[in-house]
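Right, one structure below, let's go through it.
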Protein chains: 2
Amino acid sequence: MCDTTFCRRAAAGIVRRVLTVTSVNVNGLRAAGRKGFLPWLAATAADVVCLQEVRAEPDQLPDELRDPQGWHAYHAPAATKGRAGVSIYSRTAPTAVRVGFGSAEYDASGRYIEVDLPVGGTAAGLTVGSLYLPTGEAETERQDAKYRFMAEFRAHLDALHERAARTGGHALVCGDWNIAHQEADLRNWRGNRKSSGFLPEERAWLTDLLDPATGWTDVVRSLHPGVEGPYSWWSFRGKAFDNDTGWRIDYHMATPKLGAAAATAAVERAATYAERWSDHAPVTVTYTI
Amino acid sequence: MCDTTFCRRAAAGIVRRVLTVTSVNVNGLRAAGRKGFLPWLAATAADVVCLQEVRAEPDQLPDELRDPQGWHAYHAPAATKGRAGVSIYSRTAPTAVRVGFGSAEYDASGRYIEVDLPVGGTAAGLTVGSLYLPTGEAETERQDAKYRFMAEFRAHLDALHERAARTGGHALVCGDWNIAHQEADLRNWRGNRKSSGFLPEERAWLTDLLDPATGWTDVVRSLHPGVEGPYSWWSFRGKAFDNDTGWRIDYHMATPKLGAAAATAAVERAATYAERWSDHAPVTVTYTI
DNA sequence: CTTGAGAAG
DNA sequence: CTTCCCAAG
């Protein structure tokens, strides 16, 4: 059923060494399932898959998407039908699953789910979250809502970070953060300085979060410093994908030890190329823990 | 451009003798145009085509649908976008075009348009209308609205009939009347006795309209008495089309002389078969006038 | 089951 | 440009 390195070693009682995690905004899991998502899922080496923009109630999903064979699946749909929705598929059973992050405004909005996974040989464990940070719109109330979410979610990130430090465990928050951090994180940064997703306040929020002394690690950037992208989202409009006019807004944010344990990172642009089943591409990282 | 018998004779100054008229509910002209409607239009021998459920503003239609080469096209969209909408394509130029039938409630609802066409050698002429009678829903206000429409439209039919009788001209009202008249006009009449479209009051309204002494002629039935159907609409749900579980709700209703001049009638079930571009099939009649 | 509008992305 | 919802058919 599961024959990744991670699973084989786990089954053999060997301390786990390699964990592969993928994050992808599927832009409607039902639509993705009608295109190439299922072959992609069947072929992936990931042990954990974080999904965003599922846009369906679990009851609306066919079995192979709601509860795929070989995976433990958890869903946090939005109260509003057809909106947002995050999920996590894990090859191994979590010890806990939590929806939301203690926010009255956002816990039913289908924007955050996290699971605790056992790490072989340790009691501390690993928390993996799937985040879909709200899309904003500059100069509107929707941007204010995005800032409110960011403020509340930052408190949760601080709590995760503190707990990991205290227990010797790890935390990893994957997802669509809807913010490009630096100029290298989007093709047309000059034209987007006033666009939601690249506003100074948003960028500063990430800079603060990623403060090297105490903060989180942007895993893909830490493995690929000084390069353009790799982008993970391209608008469906125009020829954005063909011209690689993209944004890097899908991140793996890891606590320090886990970030340092990241071995490889890749944006699976090819995975969406043959038949493009989302406007985002999967972002896959291998961790040696 | 136009090489039907009707057009060739007209171009040669010969009194027109054969007129072919088609009526079809296209269930969204834009969608039909993306499927097989255009090849059908290119191949039809019709001189006049009456369309219902166009569901588009003229500005939203591509040129080949809004104003096709070789036709004079007239559109009566509904005030509410994406709803109803009737049109007429005519190979020859009308002498008049009228939208609605003098109803405050319904003239902007995209449910009736009529054109006056010259009939070679006579001053009287022919009025052809394209009608999309509202869909009802038994025991609801929508059924009351359907009855209101029927009552108002009956007055217009009476006026058309009276004028034809007085001037020696003809009138023909084609379209989706949304009522099956007799048991032979729908496959499952027993199960639909309480369904809008086959209610006793609706059937009686048609019976009165078709009173042989003074009324209108149901042209297809007059040419094909005593047969089941031919149906012209099949639900998209289930296997209705494959099983021919249909309704005959698309009619040519003609003033007496014109009804008597009908030579052939056919429901073009095959036209929608290769690629089904509507839930209705074209109903085509040839008139020798 | 299908269309088109509409909001969101 | 694409997703899904919804009302209508």
Side-chain angles (χ1 to χ4, degrees), chain A residues 25-35 37 52-57 60-61 77-85 109-111 132-137 140-143 145-146 176 178 195-197 233-242 245 247 249-250 272 275-280, chain B residues 25-35 37 52-57 60-61 77-85 109-111 132-137 140-143 145-146 176 178 195-197 233-242 245 247 249-250 272 275-280:
Chain A
N25 176 317
V26 294
N27 189 36
L29 187 53
R30 282 171 290 182
R34 288 189 294 268
K35 306 189 208 169
F37 175 81
Q52 301 88 39
E53 270 205 275
V54 168
R55 300 180 69 171
E57 313 268 319
Q60 297 176 304
L61 292 171
T80 312
K81 283 180 72 167
R83 294 286 167 72
S109 69
R111 296 198 175 266
Y132 177 41
L133 203 144
T135 308
E137 189 181 8
T140 71
E141 146 61 23
R142 294 181 57 217
Q143 190 63 28
K146 183 173 182 177
D176 177 355
N178 260 318
S195 304
S196 181
W233 174 77
W234 305 263
S235 171
F236 274 127
R237 297 166 222 192
K239 296 182 181 53
F241 187 74
D242 293 340
T245 305
W247 295 51
I249 56 180
D250 299 278
T272 55
E275 186 187 22
R276 209 174 157 208
W277 47 266
S278 173
D279 46 351
H280 294 248
Chain B
N25 176 318
V26 294
N27 188 39
L29 186 54
R30 281 172 289 182
R34 289 190 292 267
K35 307 188 206 170
F37 175 81
Q52 301 89 38
E53 271 205 275
V54 167
R55 300 179 70 171
E57 314 268 320
Q60 297 176 303
L61 293 171
T80 312
K81 283 181 72 168
R83 294 286 165 72
S109 70
R111 296 197 175 268
Y132 178 42
L133 204 144
T135 308
E137 189 181 8
T140 71
E141 146 62 23
R142 294 181 57 217
Q143 190 63 28
K146 183 173 182 177
D176 178 354
N178 260 318
S195 304
S196 180
W233 173 77
W234 305 263
S235 171
F236 274 127
R237 297 166 224 196
K239 296 180 183 52
F241 187 74
D242 293 341
T245 306
W247 295 51
I249 56 180
D250 299 279
T272 55
E275 186 188 21
R276 210 176 156 207
W277 46 265
S278 174
D279 47 352
H280 295 248

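Basis for what follows: all heavy atoms, side chains included, without hydrogens, waters or symmetry-related copies. Numbers restart at 1 for each chain; the letters A, B, ... are given by sequence-line order, proteins then strands.
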If you compare every side-chain N and O of A:Gln60 against the phosphate oxygens of D:dC4 (OP1, OP2), does one of them come in below 4.0 Å? no
B:Arg34 vs C:dG4: side-chain N/O to OP1/OP2 distance below 4.0 Å: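 Indeed, a polar side-chain atom of B:Arg34 lies that close.
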Give me the residues of residues 78-85 of chain B where at least one heavy atom lies under 4.0 Å from an atom of DNA chain C, by number, or none.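 Result for residues 78-85 of chain B: B:Lys81, B:Gly82, sorted by number.
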Separation of [N] [atom2] from [X] [atom1] (nearest whole Å):
X	N	atom1	atom2	result
A:Asn27	D:dC5	CG	P	13 Å
A:Trp277	D:dC4	CH2	P	14 Å
A:Leu61	D:dC4	CG	P	10 Å
B:Gln52	C:dT3	CD	P	18 Å
A:Asp176	C:dA8	CG	P	17 Å
B:Asn178	D:dA8	CG	P	15 Å
A:Tyr132	D:dC4	OH	P	13 Å
B:Arg237	C:dT3	CZ	C1'	12 Å

Does the side chain of B:Asp279 pick up a donor-acceptor pair with the side chain of B:Trp233 at under 3.5 Å? yes
Can you find a side-chain donor-acceptor pair between B:Ser196 and B:Gln143 that sits under 3.5 Å?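 Note: B:Ser196 and B:Gln143 side chains meet the donor-acceptor criterion.
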What's A:Lys35 touching, base or sugar-phosphate or nothing? Going by heavy atoms closer than 4.0 Å. sugar-phosphate
Can a donor-acceptor pair be found, under 3.5 Å and without considering hydrogens, that links the side chain of A:Arg111 to the backbone of A:Tyr132? yes
If we ignore hydrogens and angles and just use 3.5 Å, is the side chain of A:Arg55 paired with the main-chain N or O of A:Gly28 as donor and acceptor?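 Judged by distance alone, no pair lies under 3.5 Å.
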A:Arg30 or A:Ser235, whichever maps to the more 5' nucleotide of DNA chain D: A:Ser235
Pairwise 5' ranking along DNA chain D for B:Glu53 and A:Gly28, keeping only the more 5' one: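 Here A:Gly28 is the residue nearer the 5' end.
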Give the nucleotide from the list D:dC4, C:dT3, D:dT2 with an atom nearest to the side chain of A:Ala31.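 Nearest nucleotide to the side chain: D:dC4.
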Minimum side-chain heavy-atom gap B:Asn178-B:Lys146 below 4.5 Å: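 Yes. Closest side-chain heavy atoms under 4.5 Å.
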So do the side chains of A:Asp176 and A:His280 get within less than 4.5 Å of each other, counting heavy atoms only? yes
Taking only residues two or more places apart in sequence, or in another chain, which ones meet B:Gln60 in a side chain to side chain contact (heavy atoms under 4.5 Å, CB included)? B:Arg30, B:Ala56, B:Glu57, B:Lys81
